[in-house]
Peer 1: 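Sharing a structure with you now.
In what follows, chains are A, B, ... by sequence order, proteins preceding strands, each numbered from 1. Not measured: the values here are computed from a predicted model.
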Number of protein chains: 2
Amino acid sequence: MKTNSKNKIIIVDDHLLFSQSLELLIKSFGDYEVIERFENGKVFIDYIEENNDAEINLVLLDVNMPVLDGLSTMKWLKDFRPDLKVIALSVNDDEEIIIKMITNGAKGYLLKDTSPEIFKEAIECVIEKGFYFTELVSGMLINKVNSDNKKINLKEKEIVFIKHACTEMTYKEIASEMCLSPKTIDGYRESLFDKLEIKTRIGLVLYAIKHKIVFV
Amino acid sequence: MKTNSKNKIIIVDDHLLFSQSLELLIKSFGDYEVIERFENGKVFIDYIEENNDAEINLVLLDVNMPVLDGLSTMKWLKDFRPDLKVIALSVNDDEEIIIKMITNGAKGYLLKDTSPEIFKEAIECVIEKGFYFTELVSGMLINKVNSDNKKINLKEKEIVFIKHACTEMTYKEIASEMCLSPKTIDGYRESLFDKLEIKTRIGLVLYAIKHKIVFV
DNA sequence: TTAAAAAAGGGGATATTTCCCCTTGTCCTA
DNA sequence: TAGGACAAGGGGAAATATCCCCTTTTTTAA
């Protein structure tokens with residue numbers, strides 16, 4: 001049953017300047033009103049829990065936030081409020097995170113350099129049709145299903161080894177640190193070189209950083 | 001000569017959603033108008049060059065932009081239009097970049113999670129008094145002058161070598177790539193190990209990534 | 001203008017990394 | 001229940017990386 005009142009939108013974003021400004025932009029579209037704004041996932045979830053029956057037509061959810069980030073928030077929504085429609089907003093086009101947001105139920109994923117026109121279109125589309133994906137995102141989804149086989153999964157010990165390999169320790173020192181024989185460490189190394197298609201420890205370090213196994 | 005017209009502001013930010021929204025926020029403050037918006041430093045500079053006599057009271061300059069970023073833009077302004085008052089806007093509080101923006105003439109540095117109230121205050125302050133620094137930034141400036149001695153500056157050749165060292169090439173290969181003797185490369189390596197207080201090539205890679213000499 | 005750095009390169013030694021092929025248990029499953 | 005995958009570990013060799021001490025020429029600074 002469609003009432004003639006405006007669509008109710010919630011913004012969750014820690015960039016106050018952005019979130020407050022965005023509210024004005026959305027208002028200027030006419031058919032929408034921003035009923036609440038929150039600065040991280042935690043306070044948003046607190047609100048949802050206490051206002052379980054509030055009418056919410058759309059949630060604009062930032063991905064990078066302190067306290068409770070967009071992905072964790074999305075996972076919570078998937079479990080407790082899968083009915084809420086969410087468009088994820090982010091500055092980065094990291095495939096990993098985009099896929100994760102969508103598999104956890106986001107109905108759209110927009111970069112913050114999206115034009116206001118596309119943004120308006122996306123909002124309308126999600127509220128009416130239920131989803132909106134840009135070419136960027138569609139491409140990633142296709143890319144994903146086509147390469148979902150050869151996925152690399154590392155074991156806990158390997159992760160620990162990689163973290164150590166990203167320091168100035170020698171393998172001998174790493175072995176003693178991990179209470180394993182240097183030869184075992186050598187085995188880990190060789191198997192990882194093979195698995196990750198790299199040839200040197202430098203390659204391992206670059207891989208680890210790129211895949212966020214270690215942070216710099 | 002102060003006219004009774006509104007203060008003229010330019011926004012330079014690649015996040016269209018943000019920049020268009022911000023314009024609305026600024027308008028809502030009353031005393032200001034956004035006369036132009038640009039999505040990177042390049043198009044902004046093009047505009048400035050062609051409108052040398054335009055009245056501009058304040059520039060809001062994003063730091064992270066494609067094509068020509070905030071810092072490069074700031075450096076250009078320092079050389080050609082040091083009269084323009086600039087507030088840098090950014091999501092990151094990286095000390096390095098903040099210091100650089102300020103030493104290149106930025107009159108203020110605000111994070112995008114600033115509240116609209118502080119933002120308004122900053123705008124007023126910069127236009128009237130000429131600068132506005134938050135505690136975060138002041139702290140960094142103090143921190144800076146207290147540790148300005150032991151600064152490391154790398155030469156162009158060293159930078160090139162470091163970039164190569166962050167690949168799976170051997171030093172011999174790097175030497176041939178750079179048209180230098182392997183022994184010279186060894187010299188670069190040793191001098192860098194000394195200068196950067198590291199002991200292995202792994203340490204060099206970590207340094208390079210942390211200091212944004214290479215990207216992953 | 002003279003002394004001190006710096007840039008390019010070398011000799012030679014030791015330590016570390018990388019590679020390939022092997023053994024011994026254990027656990028799982030077809 | 002035999003075969004296979006896998007974790008831990010070993011031998012041994014070649015390739016790389018690291019270190020220390022040296023020469024020559026050019027630049028820079030006092």
Peer 1: Hey, what do you get for CG (A:L68) to OG1 (A:T73), rounding to the nearest 0.5 Å?
Peer 2: 4.0 Å
Peer 1: Could you give the angle between the helix axes at the two ends of the helix from C:dT1-D:dA30 to C:dA30-D:dT1, with five pairs per end, rounded to 10 degrees?
Peer 2: 40°
Peer 1: Ignoring hydrogens and angles, tell me if any N or O in the side chain of A:K210 forms a donor-acceptor pair with the backbone of B:V216 under 3.5 Å.
Peer 2: no
Peer 1: Starting at atom CD1 of A:I185, determine the distance to atom C1' of C:dC19, rounded to an integer number of angstrom.
Peer 2: 17 Å
Peer 1: Whole angstroms only, please: what is the CG-P distance between B:L154 and C:dA6?
Peer 2: 14 Å
Peer 1: Without swapping roles, check the side chain of B:R201 against the backbone of A:I202 for a donor-acceptor pair under 3.5 Å.
Peer 2: no
Peer 1: Over 60° means perpendicular and under 30° means parallel, so classify the ring planes of A:W76 and A:F80, tilted if in between.
Peer 2: tilted
Peer 1: What pairs of donor and acceptor atoms, side-chain ones from residues 42-53 of chain A against any protein atom, are under 3.5 angstrom apart with sequence neighbours left out?
Peer 2:
{"residue": "A:K42", "atom": "NZ", "partner": "A:D46", "partner atom": "OD1", "Å": "3.4"}
{"residue": "A:K42", "atom": "NZ", "partner": "A:D46", "partner atom": "OD2", "Å": "3.0"}
{"residue": "A:N51", "atom": "ND2", "partner": "A:Y47", "partner atom": "O", "Å": "2.8"}
{"residue": "A:N52", "atom": "OD1", "partner": "A:R81", "partner atom": "NH1", "Å": "3.1"}

Peer 1: Nearest whole angstrom, please: distance from the C1' of C:dT17 to the CD of A:E173.
Peer 2: 14 Å
Peer 1: Name the residue from B:N7, B:I11, B:I56, B:N57 that meets the side-chain contact (heavy atoms from CB on, under 4.5 Å) definition with B:I35.
Peer 2: B:I56
Peer 1: Send over the distance from B:D186 CG to C:dG9 P, rounded to a whole Å.
Peer 2: 12 Å
Peer 1: In this structure, how many angstroms lie between the P atom of C:dA13 and the CD atom of B:E190, rounded?
Peer 2: 17 Å
Peer 1: Does atom CD of B:E23 have more than 12 heavy-atom neighbours from other groups under 6.0 Å away?
Peer 2: yes
Peer 1: Under 4.0 angstrom, heavy atoms only, what part of the nucleic acid is A:T200 near: base, sugar-phosphate, or nothing?
Peer 2: sugar-phosphate
Peer 1: Round to the nearest Å and state the distance from A:E168 atom CD to C:dT16 atom C1'.
Peer 2: 14 Å
Peer 1: Starting at CG of A:L204 and ending at P of C:dC19, how long is that distance when rounded to a whole Å?
Peer 2: 12 Å
Peer 1: Closest-nucleotide mapping onto DNA chain C: is A:R201 or B:G187 further toward the 5' terminus? I mean the 5' end.
Peer 2: B:G187
Peer 1: side-chain hydrogen bond (donor to acceptor under 3.5 Å, both in side chains) with B:D13: which of B:K112, B:Q20, B:R37?
Peer 2: B:K112
Peer 1: Is the shortest side-chain N/O distance from B:K155 to OP1 or OP2 of C:dA7 below 4.0 Å?
Peer 2: yes
Peer 1: Determine whether the side chains of B:S191 and B:D194 contain a donor N or O and an acceptor N or O closer than 3.5 Å.
Peer 2: no
Peer 1: Could you tell me how far apart B:Y171 (OH) and C:dG9 (P) are, to the nearest whole angstrom?
Peer 2: 17 Å
Peer 1: Contact boundaries of DNA chain D with chain B (under 4.0 Å, heavy atoms), 5' to 3'?
Peer 2: D:dT16 to D:dC20
